[in-house]
> 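What follows is a structure written as structure tokens; I'll ask about it next.
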Amino acid sequence: QVQLVESGGGLVQAGGSLRLSCAASGRTFSRYAMGWFRQAPGKEREFVAAISWSGGSTYYAGSVKGRFTISRVNAKNTVYLQMNNLKPEDTAVYYCAAAQKPFYTDLEYDYWGQGTQVTVSS
């Protein structure tokens with residue numbers, strides 16, 4: 001069992017930055033790949049980024065590649081999402097999730113956090 005808690009969301013102007021954190025409970029955090037997803041009002045949840053259990057491999061959605069960076073510190077049971085050059089279309093609730101592999105689809109993830117709101121004003 002893994003419990004996930006996101007933090008770091010907020011209101012930022014376009015072009016600004018935020019860093020999201022996802023703290024995991026349990027000793028098995030390092031065995032899981034981690035992903036970030038987001039859901040904007042009226043839209044389906046979409047993949048943002050994922051990272052392998054070791055941190056050696058990372059994956060990004062085309063819309064955020066070059067602007068967002070996913071990373072993890074297994075000793076701290078934490079995964080991060082550094083978001084730079086934010087755009088109004090990045091506004092959404094952001095969720096972290098844990099899975100056996102760094103999948104692109106949310107159905108493959110076993111554990112989810114409660115989400116944190118990110119709002120980017122123009």
> Please report the interatomic distance CG(Asn74) to CE(Met34), rounded to the nearest 0.5 Å.
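Between atom CG of Asn74 and atom CE of Met34 there are 9.5 Å.
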
> Which heavy atom of Tyr109 sits nearest a heavy atom of Ala97, and at what distance?
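Residues Tyr109 and Ala97, closest heavy atoms: CD2-CB, 3.4 Å.
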
> Roughly how far, to the nearest 0.5 Å, is the CZ atom of Arg38 from the OG1 atom of Thr91?
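Atom-to-atom, Thr91:OG1 and Arg38:CZ are 9.0 Å apart.
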
> Once you round to the nearest 0.5 Å, how far does CG of Leu107 lie from CZ of Arg45?
8.0 Å

> Testing the basics here: between Ala92 and Ala40, what is the closest heavy-atom pair and its distance to 0.1 Å?
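The answer is CB-N, 3.8 Å.
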
> Shared ILVMFWY cluster between Phe68 and Val118, side chains joined below 4.5 angstrom?
yes

> Could you label the plane-to-plane angle of the Trp112 and Phe37 rings as parallel, tilted or perpendicular, counting under 30° as parallel and over 60° as perpendicular?
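The arrangement is tilted - the two ring planes meet at 30° to 60°.
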
> Just wondering, more than 12 heavy atoms not from Glu46 lying within 6.0 Å of its CD?
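Counting other residues, nucleotides and ligands, CD of Glu46 exceeds 12 neighbours.
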
> With rounding to the nearest 0.5 angstrom, report the CZ to SG distance, Arg72 to Cys22.
9.5 Å

> Mind running side chain to side chain contact (heavy atoms under 4.5 Å, CB included) on Arg31 and Trp53 for me, showing each step along the way?
CA-CA 6 Å; Arg31 299 180 185 177; Trp53 66 269; 5.9 Å; no

> Any heavy-atom pair between the side chains of Tyr80 and Val73 that's under 4.5 Å?
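Sidechains of Tyr80 and Val73: in contact.
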
> Hey, could you give me the OG1/CG distance between Thr78 and Leu20, rounded to the nearest 0.5 Å?
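So the OG1 of Thr78 and the CG of Leu20 are separated by 12.5 Å.
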
> Treat each ILVMFWY residue as a node, draw an edge where side-chain heavy atoms are under 4.5 Å apart, and state whether Val79 and Phe47 are in one component.
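No.
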
> Do side-chain atoms of Tyr60 reach the backbone of Ile70 as a donor and acceptor pair under 3.5 angstrom?
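Side chain of Tyr60 to backbone of Ile70: a pair is present.
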
> Give a yes or no on whether Trp36 and Tyr111 share a hydrophobic cluster (residues Ile, Leu, Val, Met, Phe, Trp, Tyr; joining criterion: side-chain heavy atoms under 4.5 Å apart).
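Yes; Tyr111 is reachable from Trp36 via cluster members.
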
> Any link between Val64 and Ile51 through a network of hydrophobic side chains (Ile, Leu, Val, Met, Phe, Trp, Tyr) touching at under 4.5 Å?
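Yes, Val64 connects to Ile51 through the hydrophobic network.
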
> Counting distance only, does the side-chain N/O of Glu6 pair as donor-acceptor with the main-chain N or O of Cys96 below 3.5 Å?
yes

> How far does CD of Gln82 sit from CG of Leu18, to the nearest 0.5 angstrom?
8.5 Å

> Determine whether Leu81 and Tyr32 fall in the same hydrophobic cluster, where Ile, Leu, Val, Met, Phe, Trp and Tyr are linked whenever their side-chain heavy atoms lie under 4.5 Å apart.
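In one cluster: yes.
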
> Set out, in order, the CA-CA distance, both residues' side-chain angles and the distance that settles side chain to side chain contact (heavy atoms under 4.5 Å, CB included) for Val12 and Met83, then state yes or no.
CA-CA 11 Å; Val12 63; Met83 305 186 295; over 6 Å; no

